[in-house]
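From a predicted model like this one, the values you see are computed outputs, not experimental measurements.
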Amino acid sequence: MTTELHGVAAAPGLVVAPVKWLAPAPVTSADDPRGADPDAEIARADTALATVSGRYAALAERAEGPAADILTMTAALAADPALRDEVHAGIRAGEPTAHAVSGAVAHFAGQLAALGGLMAERVTDLHDVGARVVAELLGVDPPGIPHAATPFVLAADDLAPADTATLDPEHVVGLLTVAGGPTSHTAILAKALGIPAVVACPRAVEVAEDTEVLLDGTTGLVELAPDPARRATVSELRDRRERAATGPGRTADGHSVPLLANVGNAADARLAVEFGAEGVGLLRTEFLFLDRQSAPTIAEQTAHYREILAILGDRPVTVRTLDAGSDKPLPFLHLPAEPNPALGIRGIRLRDIDEGSLYEQLAAIASARAATGTPVKVMAPMVATVEEARRFAAAARGAGLTDCGIMIEVPAAATRAEFLGAEVDFFSIGTNDLSQYLFGADRMSSALAALHDPWQPALAATVAAVVAGSRGDEIPVGVCGEAASHPEFACVLVGLGVSTLSMAPRSLPAVRAALSAVTLDQCRAAAVAVLTEATAADAARAARLELAATG
């Protein structure tokens, strides 16, 4: 009998290949040899930190899309003066140099974990920085991806940006991690690369090197030593997805579902065009603002947006205004430290700290739209009340951006959709943060990853409530969270009444194929099945039966 493991689906796709484990990080000890001259050891540590930071920065320059952004932020971690000072203190206290690095990393990792939210996600990145600095000091190879003559599934406790950003999809055809979550860096980068991924799978530690597995990044299932029939299933699904790889999104009976892309820069935009996106449902703007000592000027912003819009041509683009602050700090705003960043000053709430930045951003977006002729919508994140929606809509329309909407990612907004709909022109549901707040579960916690399973019936019920609330004002509802990239759940979202789906560009073919294989009635039946089941497992099972029905 085939052994089955179950994790959390993180990036869609189905693959059969042997497992190779990530090379481990070097280990340090307080008993390691000490350098005789503390000043010389401090200089050696500084050189190692600078070298590692430079390597991350070089990787960022060669990378595209989310990988480039994440690697840039990781390079900044390696160059952080606070980390350097902590290493210096350890060396002066008599610790071996490499062990002082390990201690400094452990110190700041604990602080980041306590902050929660996206700051907790930086723990994996920081540990990777530490491992690479230690390897540099010890003169050994850093942890990394093994080499193999044939394609393989890469397994690890967790993966850092430097690992995932350098993956070659021709060789690494799947990812399996013990930790992580469906919205972690591993998941984001796996989607960007089009590599199936299963995360938060504790029993993955039982999988021996070179064991052949069937990894299903759509369901979270990992089968050890699959039989010939299952191999045939993989081949059949791949063929079907290739046949449906182009063209507009629609169900088998012709119901139109525009499939859009989530992008953050010009490289993402080019990828969206390559994979046939019908537009952009989420243009992230925060990376232009992060790690700066002053806000980008209107001219800088206009040039950035204009470059992206020009690539997309006449495809419609929805721009999200600045979603930063708190767990994505903006040094130039001097925001106060907060005990719970995920519930702090972020998104639209930044307006209360620096209203001018919002008006400047809206002006830049309007200017870029005028220069390119690209159809542009604009939306605000973290809106919770009618007053916030009304103020944002007035500001956007005052800037000449007449098609304005809001993100639905706070339960308060979901429950009052009928009132919010009177203020704006559309809703976009961000299922990542909505799940976090709906379930009271940090979306970066691997221990709570099961609560971010899109099959949790409460999520579908909340989406259904938003759709119902939108009907009075006849405004469209899209989804731009990770749930939209899950091929089977995308069908459920359509059945719930969602009109557009936006996702990482490489996720588009799988979702397009899934929709093309079912009718709108099947989607609706699957949605009803999810809403009437009590557990995520039962909801997934019932929905799949409806989607597989032949009528």
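- No donor-acceptor pair under 3.5 Å is formed between the side chain of His304 and the backbone N or O of Leu288.
- Although no hydrogens or angles enter the test, the distance criterion places a donor-acceptor pair under 3.5 Å between the side chain of Ser502 and the main chain of Gly281.
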Stepwise side chain to side chain contact (heavy atoms under 4.5 Å, CB included) test for Ser485 and Lys191: CA-CA 9 Å; Ser485 67; Lys191 286 189 177 77; 2.8 Å; yes

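- Glu409 contributes a side-chain N or O that, together with a main-chain N or O of Met382, makes up a donor-acceptor pair within less than 3.5 Å.
- Residues Val87 and Arg84 fail the side-chain proximity criterion, which asks for heavy atoms closer than 4.5 Å.
- Looking only at side-chain heavy atoms (C-beta outward), Leu175 and Leu159 come within less than 4.5 Å of each other.
- Between the side chains of Gln436 and Asp433, at least one donor N or O sits under 3.5 Å from an acceptor N or O.
- The pair Arg284-Asp323 does not count as a salt bridge, with every side-chain nitrogen at least 4.0 angstrom from each carboxylate oxygen.
- Not one N or O on the side chain of Ser428 forms a donor-acceptor pair closer than 3.5 Å with the backbone of Val479.
- Expressed to the nearest 0.5 Å, how far CZ of Phe108 lies from CG of Leu77 amounts to 10.5 Å.
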Apply side chain to side chain contact (heavy atoms under 4.5 Å, CB included) to residues Val123 and Leu126 and explain how you reach the verdict. CA-CA 5 Å; Val123 170; Leu126 183 57; 5.7 Å; no

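- The side-chain heavy atoms of Leu49 and Leu83, taken from C-beta on, include a pair separated by under 4.5 Å.
- Looking at heavy atoms from C-beta onward, Ile308 lies in side-chain contact with Leu283 at the 4.5 angstrom threshold.
- Note that CG of Leu14 is 4.5 Å distant from CG of Asp216, once rounded to the nearest 0.5 Å.
- The side-chain hydrogen bond (donor to acceptor under 3.5 Å, both in side chains) search around Ser102 returns Thr28, not counting sequence neighbours.
- Between Arg506 and Asp268, none of the side-chain N atoms (NZ, or NE/NH1/NH2) sits under 4.0 Å from a carboxylate O, so this pair counts as no salt bridge.
- Scanning all heavy atoms of the two residues, the minimum distance from Ala156 to Leu22 falls at CB-CB, 3.8 Å.
- The closest donor-acceptor contact from the side chain of Asp32 to the backbone of Ser29 lies under 3.5 Å.
- Of the possible donor and acceptor atoms, none in the side chain of Thr3 sits under 3.5 Å from a partner among the backbone N and O of Leu224.
- Remark: Glu41 pairs with Arg44 by the salt bridge (charged side-chain N to carboxylate O under 4.0 Å, His left out) rule, at least two apart or across chains.
- Listed for the His99 side chain is no donor-acceptor partner under 3.5 Å among the backbone atoms of Ile91.
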Yes or no on side chain to side chain contact (heavy atoms under 4.5 Å, CB included) for Met379 and Val319, after CA distance, side-chain angles and deciding distance? CA-CA 6 Å; Met379 64 182 178; Val319 183; over 6 Å; no

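- Between Cys491 and Leu515, some side-chain heavy-atom pair lies under the 4.5 Å cut-off.
- Under a 3.5 Å cut-off, the side chain of Lys20 and the backbone N or O of Val172 do not form any donor-acceptor pair.
- Looking at heavy atoms from C-beta onward, Leu350 lies in side-chain contact with Leu322 at the 4.5 angstrom threshold.
- Separation of atoms CG (Leu438) and OG1 (Thr431) is listed at 11.0 Å; rounding is to 0.5 Å.
- Taking 4.5 Å as the limit, some side-chain heavy atom of Met407 sits within range of a side-chain heavy atom of Pro381.
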Between Leu154 and Ile145, is the side chain to side chain contact (heavy atoms under 4.5 Å, CB included) condition met? List the steps. CA-CA 8 Å; Leu154 178 63; Ile145 300 165; 4.1 Å; yes

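- The closest side-chain donor-acceptor pair between His107 and Gln111 falls under 3.5 angstrom.
- By the salt bridge (charged side-chain N to carboxylate O under 4.0 Å, His left out) test, Asp128 pairs with Arg132, sequence neighbours left out.
- Proximity of a side-chain donor or acceptor of Ser435 to a complementary backbone N or O of Asn432 within less than 3.5 Å is not detected.
- Here the shortest heavy-atom pairing between Thr321 and Thr285 reads C-OG1, 3.6 Å.
- The existence of a salt bridge linking Arg34 and Glu95 is excluded, since no basic side-chain nitrogen approaches an acidic carboxylate oxygen closer than 4.0 Å.
- Taking CG of Leu5 as the start and CG of Leu176 as the end, the distance is 7.5 Å to the nearest 0.5 Å.
- If you take OH on Tyr56 and CG on Leu71, they are separated by 8.0 Å, rounding to the nearest 0.5 Å.
- Thr177 and Asp158 form no side-chain donor-acceptor contact under 3.5 Å, judged by distance and modelled atom types alone.
- Separation of atoms CD (Gln456) and CD (Glu533) is listed at 13.0 Å; rounding is to 0.5 Å.
- Between Val511 and Ala484, the shortest heavy-atom distance links the atoms CG2-O, 3.7 Å.
- Side-chain atoms of Trp21 come within 3.5 Å of backbone N or O of Val207 as a donor-acceptor pair.
- A heavy-atom distance below 4.5 Å is not found between the side chains of Pro96 and Pro33.
- In plain terms, the two heavy atoms of Thr97 and Ala45 that are nearest each other are CG2-CB, 4.0 Å.
- Contact detail for Ala413 and Ile408: the closest heavy-atom pair is CB-CD1, 3.9 Å.
- We find that Arg320 and Glu286 are joined by a salt bridge, their nearest charged nitrogen and carboxylate oxygen being less than 4.0 Å apart.
- Heavy atoms only, all atoms of each residue included: Leu496 and Ala460 are closest at CD1-O, 3.8 Å.
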